[in-house]
Amino acid sequence: MQTDNDMENRLLDSTDKIKGIGAKKSQSLASAGITNVGELLRCFPLRYDFYRFYDDPAKIEENGKCVFYAEYNGGATKQYAKTVGFFVRWRIKTGTRDVLFTWFNQPYVLNSLEKGKRYCIKCDVQLKNGVYQAINPHFSSTEQYTHSVLEPQYKPIDGIGKSELVNFIKKALDYAEIDDSNDPIPHLLRQKYDIPPYGKALRSIHTPQTEEECIRANKRLIFEEFFMFRIRQKLWAGKRGEGDASAIFDKKCIDEFKSLLPYKLTGAQQKALDDVARDLLSKTPMNRIIQGDVGSGKTAVAFAACWMTKCAGYQSVIMVPTEVLARQHYASFGATFGNADIKAGLLVGGMKQSEKKSVIEDFAQGNIHVLIGTHAVLEERVSSDGIGLVITDEQHRFGVKQRMSLKNKGRPVNMLVLTATPIPRTLSMVIYGDLDVSIIDEMPPDRIPIKTYAVTGDMRERIYKFITKEVKAGRQAYVICPLVETDDESKASVKRYFDKLSKNELKEVRTGMLYGGMKPAQKDEVMNAFAAGDIDVLISTTVIEVGINVPNATVIAIEDAEKFGLAQLHQLRGRVGRGREQSHCILISDCKGEIAVERLTTLVKTNDGFEIAKSDMRLRGQGEYFGLRQHGAQLFRFGELPRDMLIFTQAADAVELVASCGDELGEFYQRMYHEAKKLNEEIVFN
Ligand code: ADP
Ligand code: MG
């Protein structure tokens with residue numbers, strides 16, 4: 001009988017404990033982030049290849065991957081063709097359509113096949129000239145199948161062969177001996193919701209016997225993810241609400257704020273502002289998320305919240321994901337409030353120690369009312385008893401842990417989250433749990449809709465001419481590349497494009513470049529120069545994606561557009577169309593894949609973030625069992641909403657059930673909470 005610890009230990013054992021994995025292979029695994037047995041088992045397939053089973057090759061009746069048995073009759077021959085050299089051929093006479101095998105570059109096949117032996121054959125057949133033809137089929141005398149197979153396809157790992165990895169994972173499954181009694185989802189719940197135990201689920205994922213089994217295992221992972229997420233939501237909700245968080249100010253204060261703005265708030269902004277004001281006045285700490293498409297004017301509402309908080313005598317913290325954005329918010333704070341009686345401080349990683357120190361001191365003493373920064377503001381040293389409000393902008397970049405640490409400073413604080421990730425209201429109520437939601441679903445007036453085009457690379461000449469023309473008319477532009485630099489000439493990188501464009505196509509205009517790895521001071525300089533109009537065309541990575549506001553920019557050209565997620569492209573597009581001129585978004589891609597084309601077409605067709613989110617969910621859902629998604633704001637690793645809404649509801653139910661089960665629960669919760677943290681660290685909702 002194993003104890004808790006034994007099993008934990010086995011999953012935590014280093015991979016070289018497994019027979020066949022030596023120091024070298026273990027090192028290769030480690031380079032891919034797999035250091036122990038548990039991680040190896042959580043290296044999930046990207047997809048499965050489906051092989052249809054036939055008990056007789058005569059029954060094959062459609063193209064595609066299949067598996068069947070045949071006895072070798074000794075009839076294979078070696079043949080030669082000028083174009084391909086030597087190849088081996090064998091034809092099975094089936095009585096219906098024959099099956100014709102061809103092996104290229106494998107002359108040894110001829111001698112390795114044994115006459116009279118029955119082979120299990122896996123191959124991909126295509127009907128050509130009246131027979132089913134298969135290239136380089138896989139013959140095995142040991143494998144056995146009695147039904148269709150799902151063959152997991154893993155992400156390649158350097159230094160480890162495809163079948164080697166499959167083999168390692170199989171051995172790890174045996175080695176780990178996962179015991180159901182330690183399952184994080186208790187037996188009772190597994191039964192109620194028809195969910196396989198963890199060990200079984202892992203086995204089904206790596207070595208599924210049927211598609212049904214694979215789907216059930218996947219359901220288990222999704223359920224567990226939602227379950228943990230829900231528990232964490234619940235625990236977290238329990239942590240607030242103690243104490244009085246009210247920030248009292250009078251109505252005059254709101255009017256003062258509005259008089260500072262050079263424009264009138266939209267109805268939707270006003271509504272969000274009312275929600276926030278009500279929350280601030282109430283004793284219960286605010287826990288609100290403001291959803292609004294890019295450019296909908298969330299910043300004004302955030303600043304209003306800071307102003308009200310200051311009127312009530314408290315301080316605010318605004319956390320943003322990038323330094324560039326922090327500096328921009330800081331600057332627009334200055335522009336909005338001018339000489340009004342409110343002082344902001346900036347705190348970002350790139351500042352001098354002495355500068356940081358003085359900001360931190362000023363904040364602690366209450367001389368700074370609003371601290372704007374990146375995760376630097378989360379440093380231990382930053383504290384003040386006067387914090388009344390914490391705002392996080394573009395929350396999906398922040399982990400929950402980070403946010404918790406801020407929340408726990410001083411008295412209970414009001415939390416406001418701003419996000420441009422559009423999720424339908426009904427859905428957000430469920431996944432954000434007890435967060436209150438305000439939606440800004442109205443754009444500021446006299447915005448001209450952005451024109452979006454999807455084009456191929458041969459349009460570049462024209463695009464650069466167009467950009468030059470716009471610049472001559474006094475406007476600015478972005479050119480976005482997915483990479484900073486690469487040896488691969490066929491891929492767009494910031495450094496190569498900058499070199500090339502500034503010497504040739506865009507030599508008549510002033511170009512600049514920007515990417516994440518630059519020194520903060522340098523980045524700052526470039527961004528400021530662009531904002532000030534001293535750079536006409538900014539060649540950049542997605543550093544500029546989140547929130548950057550330069551209203552004079554009217555063109556954004558995005559290279560290798562298929563490399564970006566839909567949500568990300570929509571965010572990038574939101575960098576233009578912020579001023580009074582017609583703006584243009586040009587998506588450049590030579591990719592012909594069906595899904596890629598459909599994604600770009602979606603952007604051409606609509607500017608509505610909610611529509612785009614819906615297509616994104618639909619297009620991402622196809623053919624993906626598991627969530628190793630490369631793009632988009634990832635909500636969950638395995639689950640996907642609304643697709644998995646039913647499972648989400650079950651998981652939420654399950655948590656309620658557990659929660660109503662009495663005393664031991666405290667302990668159970670805590671344990672689950674730690675599990676949840678381990679699993680979901682990067683998941684970003686609270
Ligand atoms: P986001 O919601 O993407 O953060 P911002 O807050 O950056 O959007 O606002 C985008 C631009 O719209 C800013 O230049 C801002 O000054 C302007 N803006 C915001 N609200 C209004 C409004 N009610 N009327 C006109 N312009 C507005
Ligand atoms: Mg913003």
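Atoms within each ligand, like the ligands themselves, are counted from 1 in listed order. Keep in mind that the numbers below use all heavy atoms, side chains included, and drop hydrogens, waters and symmetry copies. Residue numbers count from 1 along this sequence.
- Each of the atoms 22 (C), 23 (N), 24 (N) of ligand 1 lies under 4.0 Å from some heavy atom of Lys264.
- Contact check for Leu325 versus Arg327: no side-chain heavy atoms found under the 4.5 Å cut-off.
- Here Thr266 has heavy atoms under 4.0 Å from ligand 1 in both its backbone and its side chain.
- For the residue pair His570/Asp293, the side-chain donor-acceptor check at 3.5 Å is satisfied.
- The shortest N/O to N/O separation between Ala300 and ligand 1 does not fall below 3.5 Å.
- Within ligand 1, the atoms closer than 4.0 Å to a non-hydrogen atom of Thr299 are 4 (O), 5 (P), 6 (O), 7 (O), numbered from 1 in the order shown.
- Taking every heavy atom of Leu265 and a limit of under 4.0 angstrom, the matching atoms of ligand 1 come to 23 (N).
- Ligand 1 lies nowhere less than 4.0 angstrom from a heavy atom belonging to Gly292.
- Side-chain contact check for Glu562 and Ser589: at least one donor-acceptor pair (N or O, by modelled atom type) lies under 3.5 Å.
- Contact annotation: Pro551 has no heavy atom less than 4.0 Å from any atom of ligand 1.
- With respect to Asp362 and Lys343, no salt bridge is recorded, no charged nitrogen being found less than 4.0 Å from a carboxylate O.
- Under the 4.0 angstrom criterion for non-hydrogen atoms, Arg447 is in contact with ligand 1.
- At a heavy-atom cutoff of 4.0 Å, ligand 1 is contacted by the side chain of Arg578 but not by its backbone.
- For ligand 1, the atoms sitting less than 4.0 Å from at least one non-hydrogen atom of Ser296 are 2 (O), 8 (O), numbered in the order shown with element in parentheses.
- Ring centers of Phe638 and Phe226: at least 6.0 Å apart, outside the cut-off.
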*Which is it for Trp307 and Cys253 under the side chain to side chain contact (heavy atoms under 4.5 Å, CB included) test, yes or no, and what are the steps along the way?*
CA-CA 8 Å; Trp307 177 256; Cys253 154; 3.5 Å; yes
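- Between His369 and Tyr314, the distance separating the two ring centers is not shorter than 6.0 angstrom.
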